[in-house]
Protein chains: 2
Amino acid sequence: MIDTKQKILDTAERLFAQQGYAATSMRQIISEAGVNLAAIHYHFGSKEELLDGLVQRKAGPVNAERLALLEAAVKAANGRSLQVEEIFEALLRPMVTVASQNDQFVQFMGRLFSEGLMPHVIRKHFHEVMKKFMGALREVLPELPEQEFLWRVHFMMGALAHTMCGAPESLQLLGVSAGFQDRIDRLKRFLSAGFRAEGKQ
Amino acid sequence: MIDTKQKILDTAERLFAQQGYAATSMRQIISEAGVNLAAIHYHFGSKEELLDGLVQRKAGPVNAERLALLEAAVKAANGRSLQVEEIFEALLRPMVTVASQNDQFVQFMGRLFSEGLMPHVIRKHFHEVMKKFMGALREVLPELPEQEFLWRVHFMMGALAHTMCGAPESLQLLGVSAGFQDRIDRLKRFLSAGFRAEGKQ
DNA sequence: GTCTATACTGAGATAGAC
DNA sequence: GTCTATCTCAGTATAGAC
């Protein structure tokens, strides 16, 4: 059945989002999905490749929207140089779009980062879009020394990843309420100021 | 033997730094340390508590130096309000101090974050120092709305955690060479500008 | 091609002898 | 304090039914 594959994907997505990747065993997935253990290996090959399939399914649309927004902004600028805020807007806004459709999505993606699964799985799906946005940022900040620029991209990715992490790990900031839309706006202001700061060397 | 406990700690620290926490099995630790498997459970209770002991041993001195530097800066200011740069200096400089003594330290601490072990183990050892520094920052940025301030602290922690991550995961930024001292300076500039940005609401 | 049953290896944890 | 033996559960691999 093609239904089996779907049931596995849906159940895995829900459990990974709720409990995390490491804490979710394949036996729990197949139990709640009502399929056999070996079915996962037949359809995906391994637990990590199951995650990979999940990321592709969820991150694909987000990244597509990111690139579309960036391109639209470039077109709308009509030759004028973009503002860093406009670039971050294109990068961050799609997360709001998807978050409003699926509450668990943000938590799911955030967990992947916080669980350190970035190198093997995430990098692969975000490398392309990151390259594009780094190029756009670089164009707008030509006076920034190369090393300084690269490190700021690094800082940005850390802040971004940490921000996507859901509520569970953010309890310490007692009052951080507000919706996702709000969160994105605050991050945009923070990052824009950080990138605009004068660089050295 | 009290020697057993030390051998376990030293070996675990080395292996965790080199391979990560999850990828290092207790059997590998006891094998290279030349002790018995049950010895870890006798001395520490569990793998996670072994990590906890390690973090305490390594993070304790760093956090002590952080608080000392902050207090010294306040004293030197002599009633004058601190600059955000001075606060970040006190927060970040101790990492350089320790990194110059032990190359593996930074990688070790960074890995803990990137492996998602922050919530249960790290939080406990850094909560105190974070509270102090948040208070100092808040005093210097009184005009910032509370929610905006809290979120910026959140962003900062993400950037900080990601920055401490060693080279292995940072390959993508091909050229990010430079020493740890340099890295800290760049982060200081980035964060200071981010916190100084005008807040909304 | 799809799926089930079952076995294999290695992980962390624990009880009890010495 | 230390060690042996054992337990449970994880991810993985394979043989074979339909």
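Computation of the quantities below employed the complete heavy-atom set of this structure, encompassing side-chain atoms and omitting hydrogens, waters and symmetry-equivalent molecules. Since we're looking at a predicted model, the values are computed, not measured. Convention: sequence-line order gives letters A, B, ...; per-chain numbering from 1.
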- The reported gap from CG in B:L37 to CD1 in B:I30 (rounded to nearest 0.5 angstrom) is 5.5 Å
Can you find a side chain N or O atom of [X] that sits less than 4.0 Å from OP1 or OP2 on [N]?
X: B:H41; N: C:dT14; value: no
X: A:S46; N: D:dG11; value: no
X: B:T4; N: D:dT2; value: yes

For [X] and [N], give me the distance from atom [atom1] to atom [atom2], rounded to whole Å.
X: B:I30; N: C:dA11; atom1: CD1; atom2: C1'; result: 12 Å
X: B:L50; N: C:dA13; atom1: CG; atom2: P; result: 10 Å
X: A:F44; N: D:dG11; atom1: CZ; atom2: P; result: 15 Å
X: B:I29; N: C:dA13; atom1: CD1; atom2: C1'; result: 14 Å
X: A:I8; N: C:dT2; atom1: CD1; atom2: C1'; result: 11 Å
X: B:L37; N: C:dT14; atom1: CG; atom2: P; result: 12 Å
X: B:I40; N: C:dA11; atom1: CD1; atom2: C1'; result: 12 Å
X: B:N36; N: C:dA13; atom1: CG; atom2: C1'; result: 13 Å

- Task: Take A:K132 and A:E71 through the test salt bridge (charged side-chain N to carboxylate O under 4.0 Å, His left out) and record every step on the way to the result.
- Result: CA-CA 10 Å; A:K132 270 268 172 41; A:E71 203 168 333; over 6 Å; no
- Note on the structure: On DNA chain C, more 5' by nearest nucleotide between B:Q28 and A:Y42 is A:Y42
- CA sep, side-chain torsions, deciding dist, call: A:S46, A:E49, side-chain hydrogen bond (donor to acceptor under 3.5 Å, both in side chains): CA-CA 5 Å; A:S46 69; A:E49 284 173 287; 3.3 Å; yes
Nucleotide nearest [X] (side chain, heavy atoms from C-beta), chosen from [options]:
X: B:A38; options: D:dT4, D:dT12, C:dA11; answer: D:dT4
X: A:S25; options: D:dG11, D:dT4, C:dT4; answer: D:dG11
X: A:M26; options: D:dG11, C:dA13, C:dC3; answer: D:dG11

- Message: What I want to check is whether an N or O donor and acceptor connect the side chain of B:R27 with the base of C:dG10 at under 3.5 Å.
- Response: no
- Once the angle between the rings of B:F155 and A:F190 is folded into 0 to 90°, is it parallel (under 30°), tilted (30 to 60°) or perpendicular (over 60°)? tilted
- Looking only at heavy atoms, which two atoms of A:V55 and A:F126 are closest? And how far apart? CG1-CE1, 4.5 Å
